[in-house]
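For this chain, numbers begin at 1 and follow the sequence in order. From a predicted model like this one, the values you see are computed outputs, not experimental measurements.
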Amino acid sequence: MAVKVIKRTETQTGTRKVKKIRKNGYVPAVLYGQEMEATPLLLERSQVIRERITLGRSLELDVDGKIVRVIVKEEQVDPISQEVIHLDFQALSAGSTVTVSIPIVLVGEPVGIKKGGILEFPTREIEVELPTEKLVEQVTVDVSNMDIGDIIHIGELDLPPEAKIFADLEEVVVAVTVPVEEEVEEVEEEAAVEGEPEVISKGKKEEEEEE
C-alpha cells in the first residue's frame, strides 16, 4: 500500500517553519528524479515509524493521487532522540537496477515457543540488488512450523530470482532456541557427573598386606 504524503508549500520552508513542522508530528522530505523537479513533501512521523521508512528502503508514495515508486537515498537523524528528521526520496525509473534494504517480517507463532523455546530474530532486513520492476516491499517468513532447534538462513528466504544478495547465505535470520537457564542446568549436571571422584575398592589381599 502506498504511503500518502503531503506536498509542502513555500510557506513551509525555512528553519523556523521546519522546526514547527517537526514539532507538529511531521517529517519534512524531498522527492526528486531524472524527469521531475524536486518536490518538497511532508510525512506523518507515525507513518515513518510504522512503515519503517529508513535509508535504502524502497516503497511507493501517493503524491496527489499519483503513485511513485521511490527509494530512500538519504536520511537525517537527530543525534539525541535518534528520530528521523528529514528524508530524500529518489523516484525510480523503469528498467533500472537499484540496491535496497528490504525489511523481513515474521508471521505466525512457532510451535517451539509453546514448548518453552525462545524466538531469536537477529536479521531484520536484507540488502539486495534488484531491477526496479521486481522490487518488493518486504520479505515475509512464516515461522509457524518452527520447533526448538530450527533455523532459517538468508539463503532460504523467498526472494525474486533476479535478486543479488550481498549477505552470507548461511547467516541466521530467525531461530528457535533452548532457554539459557535450561542450557546452564544441563552443563552443570554434566560437570557434576564428570567431577565425581573415582572410588577404588581395595581387595582383601591388599588390606592384609597393609596390616
Minimum side-chain heavy-atom gap Y26-E44 below 4.5 Å: yes
Interatomic spacing from CG in L31 to NZ in K73 - rounded to 0.5 Å: 13.5 Å
Heavy-atom side-chain proximity of I126 to L159 below 4.5 angstrom: yes
Q82, CD: over 12 other non-hydrogen atoms inside 6.0 angstrom: yes
Shortest non-hydrogen separation from T123 to V172 and the atoms involved: OG1-O, 2.7 Å
For T99 against F166, the heavy-atom pair lying closest together: CG2-CE1, 3.8 Å
V70 side chain near L92 side chain, heavy-atom distance below 4.5 Å: no
Contact check, side chains of D168 and I154, non-hydrogen atoms, under 4.5 Å: no
Minimum heavy-atom distance M146-P110, with the two atoms named: O-CB, 3.4 Å
For R57, the option from Q138, E75, E137, E51 that meets side-chain hydrogen bond (donor to acceptor under 3.5 Å, both in side chains): E137
Side-chain heavy atoms of V98 within contact of S58, under 4.5 Å: no
Nearest heavy-atom neighbours spanning D147 and G112: OD1-CA, 3.7 Å
With D150 via side-chain hydrogen bond (donor to acceptor under 3.5 Å, both in side chains) - residues at least two apart: none
Qualifying residue, where the test is side chain to side chain contact (heavy atoms under 4.5 Å, CB included) with L59 and the options are I53, V68, I71: I53
Heavy-atom closest pair, residues I151 and A175: CG1-CB, 3.9 Å
Crowding at CG, N24 (>12 non-hydrogen neighbours, <6.0 Å): yes
side-chain contact (heavy atoms from CB on, under 4.5 Å) against E156, all qualifying residues, sequence neighbours excluded: I152, H153
ILVMFWY clustering at 4.5 Å (side-chain atoms), partners of V107: none
Minimum side-chain heavy-atom gap V72-T54 below 4.5 Å: no
Shared hydrophobic cluster for V178 and V176 (ILVMFWY, side-chain gaps under 4.5 Å): yes
Note, E74 side chain near H86 side chain (heavy atom, < 4.5 Å): no
Minimum heavy-atom distance between P28 and V18, given as atom pair plus value: CG-CG1, 3.7 Å
